[in-house]
Amino acid sequence: MAFNEKNGGTSKVKAAIIRFDKILTTIETNIGIVFYACMIIMVLYGVFMRFVLRAPNLYGEELSMLLMFGSVCLGINLGIRSRSHLGVEGFINHLPAGAKKVIKILTDIVIIAVYALMAVITFQLYAQSKVHGATTAAMQMPFWIIYLIMAINFILCDVQALLLFWNDYLIKEPVLSEQGGGMVE
């Protein structure tokens, strides 16, 4: 995509944001796929152990649940990136163009604020659980790891939402465009 070359610094920032966005999306997608594949393998292994070998799989259920949790967290970020998050389109589509834009901007600001608040809350949970030392039942995995994953996820959600806000409202030529259900340059 061609940038406005009048300001070389601005085009470098735009190029860096596109590169960052592409790297982040690739990392999130690949890790999510690995988590999901491992979850499926763990579930199948658990079924095999339980119904074929009649042996307990003490950690399988908990591990598959944690892997699903990780893949869902990454999926949330990808949903934000492809603008697939929830919205009240039926109501907004019946408003005049000016009102649509104002509501869209306000909605995006609220979404950014909520992700930031959730990041703060989950970091507080992380700190509290690190002090108390609670662990999961089967694997004895510290809960602080789960809360840390949640906090990082909400930070990534906020980064994605901020990138889209910057792209949609703060620059003259948007560089991140929606196409085919996902974002591309």
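All values reported here derive from a predicted model rather than from experimental measurement. Only heavy atoms go into these numbers, but all of them, side chains included; no hydrogens, no water, no symmetry mates.
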With rounding to the nearest 0.5 angstrom, report the CD1 to CG distance, Ile103 to Leu95. 4.5 Å
Can you find a heavy atom in the side chain of Ile146 that is under 4.5 Å from one in the side chain of Met141? yes
My understanding is that only residues two or more places apart in sequence, or in another chain, count here; which of them pass side-chain hydrogen bond (donor to acceptor under 3.5 Å, both in side chains) with Asn77? Glu28, Asn153
Scan for ring-ring contact (aromatic ring centres under 6.0 Å, His included) pairs involving residues 10-39, sequence neighbours excluded, and state none if there are none. none
Is there a side-chain contact (heavy atoms from CB on, under 4.5 Å) between Gln128 and Phe143 once you walk through the steps? CA-CA 10 Å; Gln128 289 174 356; Phe143 270 109; over 6 Å; no
Mind checking ring pair (Phe, Tyr, Trp, His ring centres under 6.0 Å) for Tyr126 and listing every partner two or more places apart, or none if nothing turns up? Trp144
Atom pair CG (Leu53) and CZ (Phe51), whose distance is rounded to the nearest 0.5 Å: 12.5 Å
Pairing residues for Tyr169 by the ring pair (Phe, Tyr, Trp, His ring centres under 6.0 Å) criterion, not counting sequence neighbours: Phe165
Hey, quick one: are Phe154 and Val120 part of the same hydrophobic cluster, counting side-chain heavy atoms closer than 4.5 Å, chains of contacts allowed? no
Please list all pairs passing the side chain to side chain donor-acceptor pair (under 3.5 Å) test where one or both residues lie in residues 57-69, with sequence neighbours left out. Glu62-Thr136
Minimum-distance pair of heavy atoms, taken over all atoms of Glu173 and Ile171: O-CD1, 3.1 Å
For the residue pair Leu156 and Leu24, what are the closest heavy atoms and their distance? CD2-CD1, 3.8 Å
For a quick test of your reading: what N or O donor-acceptor pairs under 3.5 Å do the side chains of residues 65-74 make, sequence neighbours left out?
| residue | atom | partner | partner atom | Å |
| --- | --- | --- | --- | --- |
| Ser71 | OG | Leu67 | O | 3.4 |
| Ser71 | OG | Met68 | O | 2.9 |

Reported NZ-to-CZ distance for the pair Lys14 and Arg19, which is rounded to 0.5 angstrom: 14.5 Å
Shared hydrophobic cluster for Ile33 and Ile23 (ILVMFWY, side-chain gaps under 4.5 Å): no
Would you call Leu78 and Gln160 a side-chain contact if the rule is heavy atoms closer than 4.5 Å? no
Residues forming a side-chain hydrogen bond (donor to acceptor under 3.5 Å, both in side chains) with Thr29, sequence neighbours excluded: none
For Ala127, what residues pass the side chain to side chain contact (heavy atoms under 4.5 Å, CB included) criterion, not counting sequence neighbours? none
What one should report as the nearest heavy-atom pair of Ala116 and Asp158 is CB-OD2, 3.4 Å
Could I get the full list of ring pair (Phe, Tyr, Trp, His ring centres under 6.0 Å) partners for Phe48, not counting sequence neighbours? none
Which other residues end up in the same hydrophobic cluster as Val131, if Ile, Leu, Val, Met, Phe, Trp and Tyr are linked when side-chain heavy atoms come under 4.5 Å apart? none
Do Ile111 and Val114 share a hydrophobic cluster, counting only Ile, Leu, Val, Met, Phe, Trp and Tyr and linking them when any side-chain heavy atoms are less than 4.5 Å apart? yes
Atom pair CD1 (Ile105) and CG (Asp108), whose distance is rounded to the nearest 0.5 Å: 8.0 Å
Steps toward side-chain contact (heavy atoms from CB on, under 4.5 Å) verdict (Val110, Leu106): CA-CA 6 Å; Val110 168; Leu106 291 174; 5.5 Å; no
Can you name the closest pair of heavy atoms from Ala161 and Ile112 and give their distance? CB-CG1, 3.7 Å
Apply side-chain hydrogen bond (donor to acceptor under 3.5 Å, both in side chains) to Tyr45 and list each qualifying residue two or more places apart in sequence or on a separate chain. none
Under a single-linkage definition using a 4.5 Å side-chain heavy-atom cutoff for Ile, Leu, Val, Met, Phe, Trp and Tyr, are Ile27 and Val159 assigned to the same hydrophobic cluster? yes
With a 6.0 Å cut-off (strictly less than), is the heavy-atom count around NZ of Lys101, excluding the residue itself, greater than 12? no
Does the side chain of Met139 come within less than 4.5 Å of Leu58's, by heavy atoms? no
Residue pair Lys130, Leu148: steps toward the side-chain contact (heavy atoms from CB on, under 4.5 Å) verdict: CA-CA 10 Å; Lys130 194 140 169 101; Leu148 183 60; over 6 Å; no
Show your reasoning for whether side-chain contact (heavy atoms from CB on, under 4.5 Å) applies to Tyr115 and Ile155. CA-CA 7 Å; Tyr115 288 141; Ile155 289 171; over 6 Å; no
Tell me, please, which residues at least two apart from Thr107 pass side-chain hydrogen bond (donor to acceptor under 3.5 Å, both in side chains). none
Using the rule that Ile, Leu, Val, Met, Phe, Trp and Tyr join whenever any side-chain heavy atoms are under 4.5 Å apart, tell me whether Ile40 and Ile31 fall into a single cluster. yes
